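Chain A is the first sequence line, chain B the second, and so forth, proteins listed ahead of strands; every chain is numbered from 1. Here the structure is a predicted model, which means the values were calculated and not measured. Computed over heavy atoms, backbone and side chain alike; hydrogens, waters and symmetry mates excluded.
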Number of protein chains: 2
Amino acid sequence: MRTAAVEDYVKSIYKLQTETETVSTSALAERTGTTAAAVTKMLKHLAQLNLVSYTPYHGARLSPMGETIALEVIRHHRLLELYLAQAMGYPWEEVDAEAEKLEHVISEEFEESIARLLGFPEFDIHGDPIPSRDGQMPKTATETLEAQAVGTQVVVRRVSDADAALLRYVGECGLKPGVEVQILAREPFGGSLTLEIDGLERRVSPQAAQNVFVERCAAQSLGMKSAPQ
Amino acid sequence: MRTAAVEDYVKSIYKLQTETETVSTSALAERTGTTAAAVTKMLKHLAQLNLVSYTPYHGARLSPMGETIALEVIRHHRLLELYLAQAMGYPWEEVDAEAEKLEHVISEEFEESIARLLGFPEFDIHGDPIPSRDGQMPKTATETLEAQAVGTQVVVRRVSDADAALLRYVGECGLKPGVEVQILAREPFGGSLTLEIDGLERRVSPQAAQNVFVERCAAQSLGMKSAPQ
DNA sequence: ATTAATATTTAACCGGGGTTAAATATTAAT
DNA sequence: ATTAATATTTAACCCCGGTTAAATATTAAT
């Protein structure tokens, strides 16, 4: 049976798989907020359903079927996040929790409706890529704002939604996908960055900057518009 | 725990309570599509949670707490139905099934959002009353279209959503809440009714007419606009 | 008032998803 | 290579929501 729990595990495995070849029991337990024992049992169950290949003591990987389901659930989740923010006025740090519950119950029709209403978007409100209905995942930026050299001109592409409080802070700083940013200065030893956002000078913590992913503007990265101090 | 199952039972009891003083095990079993044994167990559980008063062999009634929960769930359901139809373009015979799943997972915030977007409506897409946040249920029409005398002028107020196929048919006849209808003729022995809807002559089955609830237009019910044949 | 029909409850079971505690593998360290 | 630390699995248990089959109440009928 494709229960909400099964979908959640599959989604978690999908995400952990991007970091490690094989997903360990403990990593899954931590991510799902359950115990290792519960994970072991579920992995056996998922293997039974042909959603993962599982070697006891050596972790699991999604099967093609498992991956398909993961992408469907992630598509639901991210479309919902965007819809909640765009159509219903949710603040972007709250959409994740609501989408987490809705993703398991909406029909294909509902998914299609909101996708249409949103104009078949490729990225959600945080800039996370929305898999297409046939499972294609749009490319997304991987360089952090924190890693940028002083003087660089970048566009924000994505903000990690892992921590709602941080997300809120980052949003208040004006660091949202699509926003252009110039790195004006960096305090040494892990200090904050000084940025120019929308013509205004802004200071952001390095932790925040580590959770903001950007794309460099080729044209501006060499010849800067206004020289940094 | 307030699970989806608990909410569904409470909602079912609420609806059955309007027809009979006390809700029997078998009536609930039929409505929830389960067995009498499952119902007995759940009734004990609900009594434990103080959501019903339950006398073995003599049925159950909602407690004040149970009624509150029932009204909350019904409010979710009907707001969702209206939202799905109005904002998302669902056909009105499909909204029930989708709302059935969503009603258990949306947050108070979600509820408030769609209520606001819909302009704090009092009736859903079928004309069913939406309980207010403090549990007030708007009054609704109880006379059926079928029961109306020839020559009567009425306004459709509500259409039973019990049968999706029938609902679809009724909708195609143009019998939607707010529509004005004049009863032109009635075939004897349970035959169909001839109506004037929107200036057009329409014939509807008696079964359909029994599922349409109307309000008589006081002004027109005596002096008719155009005489029936 | 007794019997028959019907409704309801109880008992034993199952699957899903979780827990803790104990047993067992694996990995790291000496 | 053996030991110690750590990760994983197994076992026994819990709750939830359902099932079927048997036992028991209630209601209807004679």
(request) Give one of base, sugar-phosphate or nothing for Met42(B), where a contact means two heavy atoms less than 4.0 Å apart. (result) sugar-phosphate

(request) Establish, for the pair Arg158(A) and Phe213(A), whether the NZ or CZ atom is under 6.0 angstrom from the six-membered ring centre and no further than 45 degrees off its axis. (result) yes

(request) Treat primed atoms plus P, OP1 and OP2 as sugar-phosphate and everything else as base, then score nucleotides 4-13 of chain D 5' to 3': B for base contact with protein heavy atoms under 4.0 Å, S for sugar-phosphate contact only, - for none. (result) ----SBB---

(request) Fill in the dot-bracket string of DNA chain D, one character per base: . for unpaired, | for a pair to another strand, ( ) or [ ] for pairs within the strand, taking Watson-Crick or G-U pairs under 3.5 Å. (result) ||||||||||||||||||||||||||||||

(request) From the options Arg2(B), His77(B), His76(B), select the one residue that forms a side chain to side chain donor-acceptor pair (under 3.5 Å) with Glu7(B). (result) Arg2(B)

(message) Can a side-chain donor-acceptor contact be found between Ser107(A) and Glu98(B) if the only test is distance below 3.5 angstrom?
(response) yes

(message) Using side-chain heavy atoms (C-beta onward) and a distance below 4.5 Å, is Ile106(A) in contact with Leu102(B)?
(response) yes

(request) Please examine the side chains of Arg61(B) and Val23(B), heavy atoms only from C-beta on, and report whether any two atoms are closer than 4.5 Å. (result) no

(message) Tell me every residue that passes salt bridge (Lys or Arg N to Asp or Glu O under 4.0 Å) with Glu122(B), counting only those two or more places apart in sequence or in another chain.
(response) none

(message) Does any part of the side chain of Thr140(B), heavy atoms only, come nearer than 4.5 Å to the side chain of Asp128(B), both counted from C-beta?
(response) no

(request) Under 4.0 Å from any atom of DNA chain C, heavy atoms only: list the residues of residues 3-11 of chain A that qualify, in numerical order. (result) Thr3(A), Ala5(A), Tyr9(A)

(message) Could you tell me if the side chain of Tyr169(B) sits less than 4.5 Å from the side chain of Ser205(B), heavy atoms only?
(response) yes

(message) Holding to salt bridge (Lys or Arg N to Asp or Glu O under 4.0 Å), I want the full list of residues that pass it with Lys15(B), two or more places apart in sequence or in another chain.
(response) none

(request) Could you list the residues that satisfy salt bridge (Lys or Arg N to Asp or Glu O under 4.0 Å) with Arg31(B), not counting sequence neighbours? (result) none

(message) Measure CE/Met1(B) against C1'/dC14(D) and give the value in whole Å, please.
(response) 15 Å

(request) Would you kindly give the CG-to-P distance between Leu28(B) and dG17(D), to the nearest whole Å? (result) 14 Å

